[in-house]
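What follows is a single structure, written as structure tokens, with notes after it.
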There are 2 protein chains.
Amino acid sequence: MLTRWQAELQEELRQERHPLDFLAGKPERISQINEDATMFNLEEFLPYRLYQATERSSQKFPEIYTAKYDITRVEWRVLFNVGLYGPINSQEIVERTVLDKSKVSRAVQKLVVRGWLTRDGDKVDRRRKALQLTVEGEEILAELSARAERHNAAIIREIGSDRVEELLGLLRKIEAMDLLAEE
Amino acid sequence: MLTRWQAELQEELRQERHPLDFLAGKPERISQINEDATMFNLEEFLPYRLYQATERSSQKFPEIYTAKYDITRVEWRVLFNVGLYGPINSQEIVERTVLDKSKVSRAVQKLVVRGWLTRDGDKVDRRRKALQLTVEGEEILAELSARAERHNAAIIREIGSDRVEELLGLLRKIEAMDLLAEE
DNA sequence: TTGCAATAGTCGCGATTGCAACAGTTACAG
DNA sequence: CTGTAACTGTTGCAATCGCGACTATTGCAA
């Protein structure tokens, strides 16, 4: 069956996601799925289903921010972290986001140039540079936060508000599991 | 709603919870979370939680395959698709995986050189090239599939086998929702 | 038929990435 | 104190990426 393989698939898809392709009509297939004993049931493979749901639930966002603000995903991530946790230094963003520090460094540079955040030397530890949102940065982030709220509400409407806690509970169980022990 | 943005956030947060950071002693944080009215509650933000669970459920896999087989994520995705749906042509893999066609093309080249799949001209449509696994490719894929099965079983143990259908149902609802109408 | 649009796959090229080296700064053992 | 190790943030560079141009082939309208 298809456990591993699916984890694979999901992961890959996560990173390379490009939403609209799903919508495009597909031509006739020349291939059929192989009903091979060595292959597993993809439909019930949880990592795969989780991936699909995740992908679906976060669709549309990239195109909104890239089109409207001409900014990359990485830059958004940095901006959000500065907004939520600022003043914050780059290293902390690296830890929170698991982005490479060079990536963070470059994103910060662009955001500073753009005027969405400031980068001041830390008085206590001069290796660090304290990052903070500018007024403009705050405005944009506020707009995005509002969007996020509305989006979440839409999802809750879809699954039924009485089942939200149920879903969150299951998801938290999965998040808490210790995979290292299984392999 | 908050589609895009949330994908963003999820990504960020994923790292925050990364296990090893807990072990390594961290220096004092200079930043605290900002309890700002414009910020929303991340803990109950479904795209974020979904992302976290997805990430968690598919953890460990990349390092296993990259270390053992010295192959990239993209190459695995292509290999899996050929195994499940082969004979298949590149264009179909592009549609299924949402990888760029040049990426698929390059991955296929490497896999052919490596001897894990064959690329024969399609008799009906000579633009297409039919991809199929070699014996060696099948063996490797079988091993990965077995891993996937075991992995899925472990997740099911975690959440309880009686709640699997419940979770799948909720996930499918999310997958089926029409986000375009909400924005 | 014929001609043009559409498709499959490859490739060139600038942009982006991740790794690692580096400079500046701080922590700490002895 | 002192010297070494560790840490922060930047940058160089090779590898990879994605966009689009391109060739070869097929589909289809007139």
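The model shown is predicted, which means the values in this text are computed figures rather than measured ones. Order of the sequence lines sets the chain letters (A, B, ...), proteins ahead of strands, with each chain counted from 1.
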Quiz prompt | Side-chain N or O of B/Arg126 closer than 4.0 Å to phosphate OP1/OP2 of D/dT23 | solution = no
Quiz item: Of all heavy-atom pairs between A/Ile174 and B/Ile159, which one has the smallest distance, and what is that distance?
Solution: CG1-CG2, 3.5 Å
Self-check item: Pairing nucleotide - D/dA30, Watson-Crick or G-U, each distance under 3.5 Å
Solution: C/dT1
Exercise. Give A/Ser90 one of three labels, base, sugar-phosphate or nothing, depending on what nucleic acid heavy atoms sit under 4.0 Å from its own.
Key: sugar-phosphate
Exercise. Can you tell me the distance, in whole Å, between the NZ atom of B/Lys103 and the P atom of D/dC19?
Key: 10 Å
Quiz prompt | Rounded distance (Å) that lies between atom C1' of C/dA8 and atom CG of B/Leu131 | solution = 11 Å
Practice problem: Assign each of A/Ser105 and B/Arg127 to its nearest nucleotide of DNA chain D by heavy atoms, then name whichever residue's nucleotide is nearer the 5' end. | Solution: A/Ser105
Quiz item: Whole Å only: how far is the NZ atom of A/Lys101 from the P atom of C/dG24?
Solution: 16 Å
Quiz item: What's the CD-P distance between B/Glu75 and D/dT16, to the nearest Å?
Solution: 9 Å
Practice problem: Return yes if the base of C/dG18 and the side-chain atoms of A/Arg106 contain a donor-acceptor N/O pair under 3.5 Å, otherwise no. | Solution: yes
Quiz item: Atom NZ of A/Lys129 to atom C1' of D/dC7: distance rounded to whole Å?
Solution: 14 Å
Quiz item: Of all the choices, C/dT16, C/dT17, D/dG9, which nucleotide is nearest to the side chain of A/Lys110 once you look at every atom?
Solution: C/dT16
Practice problem: Rounded to the nearest angstrom, tell me the gap between atom CD in B/Gln91 and atom C1' in D/dG27. | Solution: 16 Å
Quiz item: Should B/Leu46 and A/Leu168 count as side-chain neighbours, where that means a heavy-atom distance under 4.5 Å?
Solution: yes
Quiz item: Where is the tightest heavy-atom contact between A/Thr134 and A/Gly115, given as atom of each residue plus distance?
Solution: OG1-O, 2.7 Å
Quiz prompt | Gap between atoms CG and P, on A/Leu99 and C/dC19 respectively (whole Å) | solution = 12 Å
Exercise. Check whether the side chain of B/Ser102 and the base of D/dC17 form a donor-acceptor pair under 3.5 Å.
Key: no
Exercise. Between A/Asp100 and A/Asp125, name the one whose nearest nucleotide on DNA chain D is closer to the 5' end.
Key: A/Asp125
Practice problem: Give a yes/no on whether any side-chain N or O of B/Gln109 is located under 4.0 angstrom from OP1 or OP2 of C/dG9. | Solution: no
Exercise. Would you check, one step at a time, whether the test side-chain contact (heavy atoms from CB on, under 4.5 Å) holds for A/Gln109 with A/Arg119?
Key: CA-CA 9 Å; A/Gln109 287 175 34; A/Arg119 175 178 43 180; 3.8 Å; yes
Practice problem: Specify the separation, in whole Å, of atom CG of A/Leu111 and atom P of D/dT10. | Solution: 12 Å
Self-check item: Presence of A/Asn89 side-chain N/O under 4.0 Å of D/dG9 phosphate oxygens OP1/OP2
Solution: yes
Self-check item: A/Asn89 to A/Leu131 - nearest heavy-atom pair and separation
Solution: C-CD1, 4.3 Å
